[in-house]
Q: 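A single structure is presented below for examination.
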Amino acid sequence: MPNAVIVGTQWGDEGKAKVIDYLTERSDVIIRFQGGANAGHTVIVDGKKFVFHLVPSGIMSPGKACIVGNGVVFDCEQFLREVDELRENGISVDSRLFVSDLAHLVLPYHKAQDNAAESNMGQGKIGTTGRGIGPTYSDKASRIGIRVGDMSDWDLFTQKFKANFTQKKNLIETVYKTSFDLDQNSILDTYKGIRERMLPFINDTAHFIFDATRKGMRLLFEGAQGTFLDIDHGTYPFVTSSNTLSGYACPGCGIGPTSIHHVIGIVKTYTTRVGNGPFPTELSDSVGEKLRQDGGEFGATTGRPRRCGWFDSVMVRKSAQLNGLTRLALTKLDVLNNLDELKICTHYEIDGKKIDQFPSTYQKLERAVPIYESMEGWKCSISGCKNLGDLPSKARAYIQKIQELCYNIPVLIVSIGPDRNETFEVEPL
Ligand code: GDP
Ligand code: IMO
Ligand code: MG
């Protein structure tokens, strides 16, 4: 398979990990390029479920190389928990799982800062995952961050850590007026042990990827979050702190754009969002609740109930533009099995005008009233379907409508259940 980037086209949790696990068979190196342990990526193979926050979702396939790129903000404690779980399940990660020396470390004070900042925001809360993501990217941009590679030199790490610790303590106690109960020495003690465990994973991964490309190996880039959580093009300020778009795969792991051949947009066949911010097609009625229950729409990272709503083609069209999508992968079609009626948002009405373009500010988006087209539900199980032809005609019509509304981008994959084998391909790459 050509090199491909996988991105979420909505607000995250589209089923990216499932598709990455599925496509790993045809790739050699799987690379996470942004975000951190705010991501919750679920892979289910033969009924066994893993939720990854940092380890790339390709790890379930033996022998494939998995890289955490420099664009990721990296929480060693979470990473090592995932490594332990994999090893306990007999999945070897040795000599095939690597972490960029240039990735920035999420340290305990970042999580404290994240939570203190949120509790100071009152009504304007973002609803972050509390995983220290924003503060770590802020430190990176402020050039006071500590990188994974800094752990190789313990004295340098200690010196940087102490300087930052004092600054964060002042900020949290004085500005946020929140108690700061972290102990510098005990964190350093813990990190001494963590450092020993981390050293074998630390690598110049940009070079590793370059070498892999020269050997003809195929690259699969794993995005986290979703298009509308992108810090520039998302529903700012209700976004995450990284660029989630496909283009960021380049600086996020150290390759040029010519190494990307395809961009696959993961499209949930309805819409969900965790955290605060506008959501035009949100359903606060029993249909929304049904989607949440039937789709198991509870955050893989925080367990929060996800907000649910109808499929919004205005969003996915914008996502196609921003990411340069070349294929769509449609997920969770089975969740719609039992609905009498399905609605698809084709346009918005904003200030009395019908528009088909996603507005660039969240204030405008808050005033958007969705315009729907209604379709009949298929009202039966689709489990066991192996191709488009096996689906009931009403399910095929629903897929076709989505595709038509999204610039007729070819559908690569349809996912009809959470397990790896509940997947079929429409137009292979
Ligand atoms: P990601 O963050 O985009 O990787 O997605 P998450 O793992 O956070 O959330 C997707 C959820 O839907 C997980 O619980 C998956 O196991 C599940 N899932 C993925 N694809 C399908 C599907 O086609 N049907 C159903 N019913 N569940 C799915
Ligand atoms: P995956 O990769 C869904 C949301 C949070 C919050 C906002 C900012 O599993 O799709 P942050 O902790 O990043 O500062 O929170 O972003 N968010 C996600 N929502 N899926 C995710 O990741 C998310 N990662 C962050 O809920 O609204
Ligand atoms: Mg998720």
Q: Do you see a donor-acceptor pair shorter than 3.5 Å between the side chains of Thr129 and Arg131?
A: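 Side-chain D/A pair, Thr129 to Arg131: absent.
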
Q: Are any side-chain N or O atoms of Ser374 and backbone N or O atoms of Lys343, one a donor and one an acceptor, separated by less than 3.5 Å?
A: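 Between the backbone of Lys343 and the side chain of Ser374 there is no qualifying donor-acceptor contact (under 3.5 Å).
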
Q: How about CD on Gln321, more than 12 heavy atoms from neighbouring residues, nucleotides or ligands closer than 6.0 Å, or not?
A: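 Enclosed.
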
Q: Can any side-chain N or O of Ser142 pair as donor or acceptor with the backbone N or O of Ile144 at less than 3.5 Å?
A: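 Side chain of Ser142 to backbone of Ile144, a donor-acceptor pair under 3.5 Å: no, none is there.
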
Q: Would the distance check show the side chain of Asn170 and the main-chain N or O of Gln167 forming a donor-acceptor pair, the cut-off being under 3.5 Å?
A: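 Here the side-chain-to-backbone pair does not exist.
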
Q: Check the surroundings of atom OH in Tyr372: do more than 12 heavy atoms from other residues, nucleotides or ligands lie under 6.0 Å from it?
A: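 Yes, enclosed.
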
Q: Using only atom types and a distance under 3.5 Å, with no angle test, would you say the side chain of Gln10 pairs donor to acceptor with the backbone of Lys268?
A: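 Yes.
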
Q: Closer than 4.0 angstrom, basic N to acidic O: yes or no for Asp150 and Lys160?
A: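 Looking at Lys160 together with Asp150, the answer is yes, because their closest N to O distance falls below 4.0 Å.
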
Q: Examine distances only and state if a side-chain atom of Thr9 and a backbone atom of Val316 form a donor-acceptor pair shorter than 3.5 Å.
A: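 Between the backbone of Val316 and the side chain of Thr9 there is no qualifying donor-acceptor contact (under 3.5 Å).
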
Q: Could you tell me whether Arg26 and Glu425 have a side-chain N and a carboxylate O separated by less than 4.0 Å?
A: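 A salt bridge is present here (some side-chain N lies under 4.0 Å from a carboxylate O).
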
Q: So, the side chain of Lys64 versus the backbone of Ser27: is there a donor-acceptor pair under 3.5 Å, distance only?
A: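 Yes; at least one donor-acceptor contact below 3.5 Å.
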
Q: In plain terms, say whether Glu297 and Lys332 are close enough for a salt bridge, that is, a side-chain N and a carboxylate O under 4.0 Å apart.
A: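 Salt bridge: yes.
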
Q: Do the side-chain N and O atoms of Thr136 and His104 include a donor-acceptor pair separated by under 3.5 angstrom?
A: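 Absent: no donor and acceptor within the cut-off.
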
Q: Between Ile172 and Ala116, which heavy-atom pair has the shortest distance, and what is it?
A: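 Scanning both residues completely, I find the closest heavy atoms to be CG2-CB, 4.2 Å.
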
Q: Ring centres under 6.0 Å, that's the criterion: do Phe228 and Phe279 meet it?
A: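 Phe228 vs Phe279: aromatic centres not under 6.0 Å.
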
Q: Looking only at heavy atoms, which two atoms of Phe221 and Asn3 are closest? And how far apart?
A: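 Smallest interatomic distance, heavy atoms only, reads CE1-CB, 4.5 Å.
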
Q: Does the side chain to side chain donor-acceptor pair (under 3.5 Å) test come out yes or no for Thr24 and Ser61, once each step is laid out?
A: CA-CA 7 Å; Thr24 292; Ser61 300; 4.9 Å; no

Q: So, using salt bridge (charged side-chain N to carboxylate O under 4.0 Å, His left out) as the criterion, who are the partners of Arg307 when residues are at least two apart?
A: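 For Arg307 the salt bridge (charged side-chain N to carboxylate O under 4.0 Å, His left out) partners, ignoring immediate neighbours, are Glu282.
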
Q: Charged N to carboxylate O under 4.0 angstrom, Asp28 versus Lys215?
A: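 Salt bridge absent between Asp28 and Lys215.
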
Q: How close do Val72 and Arg32 get, heavy atom to heavy atom, and via which atoms?
A: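 That would be CG2-O, 3.7 Å.
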
Q: Does NZ in Lys125 sit with more than 12 non-hydrogen atoms of other residues, nucleotides or ligands closer than 6.0 Å?
A: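 For Lys125, atom NZ is crowded (more than 12 foreign heavy atoms under 6.0 Å).
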
Q: Would you say the side-chain atoms of Gln34 pair up with the backbone N or O of Tyr248, donor to acceptor, closer than 3.5 Å?
A: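 Checked: no pair found.
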
Q: List the atom of Gly15, the atom of Ile266, and the distance in Å for their closest heavy-atom pair.
A: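 So the minimum-distance heavy-atom pair works out to C-CG2, 4.0 Å.
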
Q: Check step by step if side chain to side chain donor-acceptor pair (under 3.5 Å) holds for Thr346 and Glu373.
A: CA-CA 7 Å; Thr346 58; Glu373 236 178 82; 4.9 Å; no

Q: Any side-chain to backbone donor/acceptor pair from Asp114 onto Gly132? Under 3.5 Å, distance only.
A: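 Indeed, once roles are kept as given, a pair shorter than 3.5 Å links the two residues.
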
Q: Assess whether atom CD of Glu25 is packed by more than 12 heavy atoms of other residues, nucleotides or ligands within 6.0 Å.
A: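 Result for CD/Glu25: open.
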
Q: Within 45° of the axis and under 6.0 Å from the centre of the six-membered ring of Tyr22, does NZ or CZ of Lys18 qualify?
A: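 Not flagged: Lys18 not positioned over aromatic ring of Tyr22.
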
Q: Crowded around Phe210 CZ? As in, over 12 foreign heavy atoms under 6.0 Å?
A: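 Incorrect, the count does not exceed 12.
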
Q: Less than 4.0 Å between a side-chain N and a carboxylate O, is that true for Arg306 and Asp13?
A: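 Result for this pair is yes, salt bridge flagged.
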
Q: Search all heavy atoms of Gln113 against all heavy atoms of Lys168 and return the closest pair with its distance.
A: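 That closest heavy-atom pairing would be OE1-NZ, 2.8 Å.
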
Q: Within the 4.5 Å heavy-atom criterion, are Val7 and Leu325 side-chain neighbours or not?
A: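 Yes, their side chains come closer than 4.5 Å.
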
Q: Scan Tyr137, Phe201, Phe79, Phe98 and name whichever one has a ring pair (Phe, Tyr, Trp, His ring centres under 6.0 Å) with Phe74.
A: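 Single pass found, and it is Phe79.
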
Q: Establish, from distance only, whether the side-chain atoms of Gln225 and Asn38 form a donor-acceptor pair under 3.5 Å.
A: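 Checked: Gln225/Asn38 side chains pair up, N/O donor to acceptor below 3.5 Å.
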
Q: Could you check whether any side-chain N or O of Asp230 sits under 3.5 Å from a backbone N or O of Val239, counting only pairs where one atom can act as donor and the other as acceptor?
A: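 Absent.
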
Q: Taking the six-membered ring for Trp, is the centroid-to-centroid distance between Tyr109 and Phe161 below 6.0 Å?
A: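 Distance test on ring centres: under 6.0 Å, yes.
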
Q: Quick check: closest heavy atoms across Leu291 and Leu283, and the distance to 0.1 Å?
A: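 Closest pair (atom of Leu291, atom of Leu283, distance): CD1-CD1, 4.1 Å.
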
Q: Can any side-chain N or O of Arg147 pair as donor or acceptor with the backbone N or O of Ser100 at less than 3.5 Å?
A: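 No: the side chain of Arg147 does not pair with the backbone of Ser100.
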
